[in-house]
Amino acid sequence: MSIIKPRTMPGTMELLPRQQVVHQRFLDTIRQGFERFGFQQIETPAIEMRDVLLTKSGGDTEKQVYFVQSTGSLAQGQDPKLALRFDLTVPLARYVAQHEHELAFPFRRYQIQRVYRGESAQRGRFREFYQCDIDVVGKDSLGLTADAEIPAVIAHVFTALGIGSFTIHVSNRKILRGLLAAHGIDSEEQRAAILREVDKLDKRGRGRVEETLRTGDFGLDDAALAVLMDTIALRGDRAATTEKLRELDVEDPTFREGLDELDAVLGALDDLGVDPERFCANLAIARGLDYYTGTVYETLLDDHPEVGSVCSGGRYEDLASFYTKSKLPGVGISIGLTRLFDQLSALGVLDENAHGSTRVLVTEMDASLAEHGRRCASMLRAAGINTELHTEGQKLAKQFKYATKAGIRYAVILGENEVENGTAMLKDLDAGSQQEVALDELAATIDAAD
RNA sequence: GUGGAUAUAGCUCAGUUGGUUAGAGCACCGGAUUGUGGUUCCGGGGGUCGCCGGUUCAAGUCCGGUUAUCCACCCCA
């Protein structure tokens, strides 16, 4: 019988138990942060109805969708009617439209689940990955404070994750759209193409972007290009950006609206007590996705800018227009946890030798003394200590080796001497030290250890 | 989807101008007199050299095809 090579689909992330512990800490921290800011959890099915998921909006995304089909349906030659979700925003829109009358608005939800995209695999690009989303969805209207709450949560969460300093870049799409409109570029397609180019400013540098915009068919005259390049170079705090923008004195109403909104959001962030070091205005943040209509965000790690955006989102004026006639504006953001975790792991900044969830291994010295081990394990478990009972009767050395590899820090040894004395030997495998402890003090001793 | 590179052990890779039974490090398993691991020493298992075909006395090595992977672009978390 031939052996099938064990392997996973490229673009998936699978962890060993000790890495999984660290990943779980990330999930826990993110969840707690979201809940701290008053967001409530929902989950939606990984599989959605095809027609629900693939509203006619999806041009580029549609090529990356995994269809799902039963073998029976396939055998009958039918087209797949199901598909895997490629983000959490579209399912949210469906969810809100479907349950509109049972939800309290503004609806603040968080959702931490895996999504699927048919990407060609590359570092930092996954086919299955976690998104950690928060969104606020209003009914008919949604105030601008929500646009400030979103980065406030993210600042809180990323600080709590303890992965180094980061900056949330904030902009407002109306500013550039208005600016372009003021220069006579009002084709939505043309504007989108220009914004996509603008988005590459950090990656390619000002020179190349300017060159592309000048030579390509973007409909920009020299004056427009000059103003645009000056505008997207603006970056910094409220004073350094919004005041300069006002000085441009652009007459377009959309431009003014975007400017006022950005100003208000930056001000609200101050009120919310967000560390001014953790966010900035950056007019080059445009976001390729065209469903964002106002505020947009991108989060970069200051020490590892090459990782790219690990958390981005924005405001959309009408979330669920494909599913309901109600007007449901929203604002939200998504942490790309899998990419973030994978990149941090590759950079070696994660603790790869974290202890697992098991704190103690009760070893077995001799089969004739096994009952003492069982009682000891039971006692430790009753005291709330995560305890594994070794049952394989190997040499002590092997049992220690096992514990080390499994990320268990403490070993309890119950040999003849200990049983006679009514004690247990407690060994700290990290420190290499051990102490004999009375059995009835064992749980307390372990509890008190680091 | 477009372009480029690579394909040898579980992982990272060596393999000289084609030449006998294909190597190293790490990992894994076992041992160094049986109540102490993560260090050291010794030993061991594991590869139809991605797949198909061609050239040759002889192919891991050269040629063609194919598949897969990786990188860049596109797009994104």
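Protein chains get the first letters and strands the later ones, always in sequence-line order, with residue 1 at the start of each. Values reported hereafter were calculated over all heavy atoms of this structure, with side chains retained and with hydrogens, waters and symmetry mates removed. This structure is a prediction, so every number in the text was calculated from the model and none was measured.
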Starting at atom CD1 of A/I335, determine the distance to atom C1' of B/C76, rounded to an integer number of angstrom.
16 Å

So which nucleotide from B/C71, B/A32, B/U36 ends up closest to the side chain of A/A397?
B/U36

If we call it a pair only when both distances are under 3.5 Å in a Watson-Crick or G-U wobble match, what pairs with B/A59?
none

Look at A/K405 and B/C28 and indicate whether a side-chain polar atom (N or O) is within less than 4.0 Å of OP1 or OP2.
yes

Base, sugar-phosphate alone, or nothing: which one does A/L340 contact when heavy atoms must sit under 4.0 Å apart?
nothing

B/G35 base to A/E418 side chain: any donor-acceptor pair below 3.5 Å?
yes

Please classify the nucleic acid contact of A/G308 as base, sugar-phosphate, or nothing, using heavy-atom distances under 4.0 Å.
nothing

Does B/C75 have its OP1 or OP2 closer than 4.0 Å to a side-chain nitrogen or oxygen of A/Q64?
no

A/R94 to A/Y323 six-membered ring, cation-pi geometry met (6.0 Å, 45°):
no

Work out how far the C1' atom of B/C51 is from that of B/U67, and round it to whole angstrom.
7 Å

Taking any heavy-atom pair under 4.0 Å as a contact, classify A/C311: base, sugar-phosphate, or nothing.
sugar-phosphate

Classify the ring geometry between A/H390 and A/Y402 as parallel (under 30°), tilted (30 to 60°) or perpendicular (over 60°).
perpendicular

Between A/Q394 and A/E392, does a side chain to side chain donor-acceptor pair (under 3.5 Å) hold up when you go through it step by step?
CA-CA 6 Å; A/Q394 295 163 319; A/E392 300 308 311; over 6 Å; no

Judged by nearest nucleotide, the residue sitting upstream toward the 5' end of RNA chain B, A/Y130 or A/L429, is A/L429

How would you label the contact of A/E298 with the nucleic acid (heavy atoms, under 4.0 Å): base, sugar-phosphate, or nothing?
nothing

If only side-chain N and O atoms of A/S312 are considered, is one of them under 4.0 Å from the OP1 or OP2 phosphate oxygen of B/A77?
yes

Given RNA chain B, 5'-ward residue of the pair A/F129 and A/R125, judged by closest heavy atom:
A/R125

Can you identify which nucleotide, out of B/A77, B/G35, B/G30, has its nearest atom closest to the A/E416 side chain?
B/G35

Atom CZ of A/R127 and atom P of B/U69 are separated, to the nearest Å, by 6 Å

Establish whether the base of B/U36 is bridged to the side chain of A/K427 by a donor-acceptor pair shorter than 3.5 Å.
yes

Side chain A/R339 and base B/C76 donor-acceptor under 3.5 Å:
yes

Classify A/F126 by what it touches in the nucleic acid, base, sugar-phosphate, or nothing, heavy-atom distance under 4.0 Å.
base

At under 4.0 Å between heavy atoms, what does A/N417 touch on the DNA or RNA strands: base, sugar-phosphate, or nothing?
base

Heavy-atom count check: over 12 atoms from other residues, nucleotides or ligands less than 6.0 Å from A/R206 CZ?
yes

Closer than 4.0 Å, any side-chain N/O of A/R123 to the OP1 or OP2 of B/C70?
no

Rounded to whole Å, CD of A/Q435 lies from P of B/U36 at a distance of 19 Å

Base B/A77 to side chain A/R117, donor-acceptor N/O within 3.5 Å cut-off:
yes

Inspect the contact between A/D202 and A/R235 and indicate whether a charged nitrogen and a carboxylate oxygen are less than 4.0 angstrom apart.
yes

Roughly how many Å apart are B/G65 and B/A9, using the C1' atom of each and rounding to a whole number?
28 Å

Looking only at atom P, what distance separates B/U20 and B/A58, rounded to whole Å?
15 Å

What's the gap between B/C49 and B/G19 when it is taken at their P atoms, as a whole Å value?
16 Å

If you check the A/P10 side chain, which of B/C70, B/G37, B/U36 turns out closest?
B/C70

A cation-pi test, strictly: NZ or CZ of A/K427 under 6.0 Å from the centre of the six-membered ring of A/F400 and no more than 45 degrees from its axis. Yes or no?
yes

In whole angstrom, give me the gap between the C1' atoms of B/G23 and B/U61.
15 Å

Between B/U56 and B/U69, how far apart are the C1' atoms? Round to whole Å, please.
31 Å

By the 4.0 Å heavy-atom rule, please label A/D430 as base, sugar-phosphate, or nothing.
base

Checking all strands, does A/Q399 fall into the base, sugar-phosphate, or nothing category for heavy-atom contacts under 4.0 angstrom?
nothing

A/K200 side-chain N/O to B/C75 phosphate OP1/OP2 under 4.0 Å:
yes

Taking everything shown except A/Q41 itself, do over 12 heavy atoms lie less than 6.0 Å from its CD?
yes

At 4.0 Å (heavy atoms only), tell me whether A/S309 reaches a base, stays on the sugar-phosphate, or touches nothing.
sugar-phosphate

Closest to the A/Q122 side chain, choosing from B/C76, B/U69, B/A72
B/A72

